[in-house]
Amino acid sequence: MTQEEIRRSSLLRCLMKGEIPTEEILRAYNIFPHIVSLSGEVNAYVYSSRKGRYHIFVDDSLSPEEQQKVLMHEIRHILVDMPKHGYLIGLDMMRTEMEVKADLFFGEVTEVYSK
């Protein structure tokens, strides 16, 4: 996403303002976060249901700061990647361009809203 696209995103704007609880904002956009125990090297993943809801599963062993970063990573997949690619599966995709961009997303959004 470009800086302008990040600025125009009402979801990101609401999340970064911090005036409304994150979970409440996400639910308004049909995004449902779940803090669960994930084993292995997976910190988080997103699942799109047939009802048009997105479920983000985040590992409970991560610090609150890391949970926020991986949540934003998965939100980028929802906003950018899933509309383009539809159905994505892959636990061995960590080095793909899509994953690298998602890893950088938290910093990009933070930079836009720190100005």
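Model, not experiment: these values are computed from the prediction.
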Nearest-0.5 Å distance, NE2 of residue H77 to CD1 of residue I56: 9.5 Å
Sub-4.5 Å side-chain heavy-atom contact between V109 and L15: no
Under-4.0 Å salt bridge between E97 and K101: yes
Candidate pair V70 and D59, rule side-chain contact (heavy atoms from CB on, under 4.5 Å), full reasoning: CA-CA 9 Å; V70 298; D59 192 354; over 6 Å; no
Residue pair M1, L12: steps toward the side-chain contact (heavy atoms from CB on, under 4.5 Å) verdict: CA-CA 12 Å; M1 291 181 88; L12 297 175; 4.2 Å; yes
Interatomic spacing from CD in Q68 to CZ in F106 - rounded to 0.5 Å: 4.0 Å
R8 CZ to T2 OG1 distance, which is reported to the nearest 0.5 Å: 6.0 Å
Shared hydrophobic cluster, I20 / L11 (ILVMFWY, side-chain heavy atoms < 4.5 Å): yes
Reported NZ-to-CG distance for the pair K69 and L62, which is rounded to 0.5 angstrom: 11.0 Å
side-chain contact (heavy atoms from CB on, under 4.5 Å) assessment of M72 paired with E108: CA-CA 10 Å; M72 193 64 75; E108 293 170 348; over 6 Å; no
V58 vs L38 side-chain heavy atoms within contact, under 4.5 Å: no
Salt bridge (charged side-chain N to carboxylate O under 4.0 Å, His left out): pairs with one or both residues in residues 31-40, sequence neighbours excluded: none
Distance in Å, E74 CD paired with F57 CZ, rounded so as to fall on 0.5 Å steps: 11.0 Å
Co-membership, hydrophobic cluster, residues Y45 and V36, 4.5 Å side-chain: yes
R27 and E24 ion-paired at < 4.0 Å: no
Within-4.5 Å side-chain heavy-atom neighbours: Y113 and R13: yes
Nearest atoms (heavy-atom pairs only) where A102 meets R76: CA-CD, 3.5 Å
Side chain S9, main chain I6, donor-acceptor under 3.5 Å: no
side-chain contact (heavy atoms from CB on, under 4.5 Å) evaluation trace for M16 with T110: CA-CA 8 Å; M16 296 309 289; T110 302; 4.1 Å; yes
Close side-chain approach of P21 and E23, heavy atoms under 4.5 Å: no
Heavy-atom pair of closest approach, residues L71 and P33: CD1-CB, 4.3 Å
Closest contact, heavy atoms only, V112 versus Q3: CG2-CG, 3.7 Å
Heavy-atom side-chain contact between V80 and M98 under 4.5 Å: no
Distance (rounded to the nearest 0.5 Å) between I78 CD1 and I31 CD1: 4.0 Å
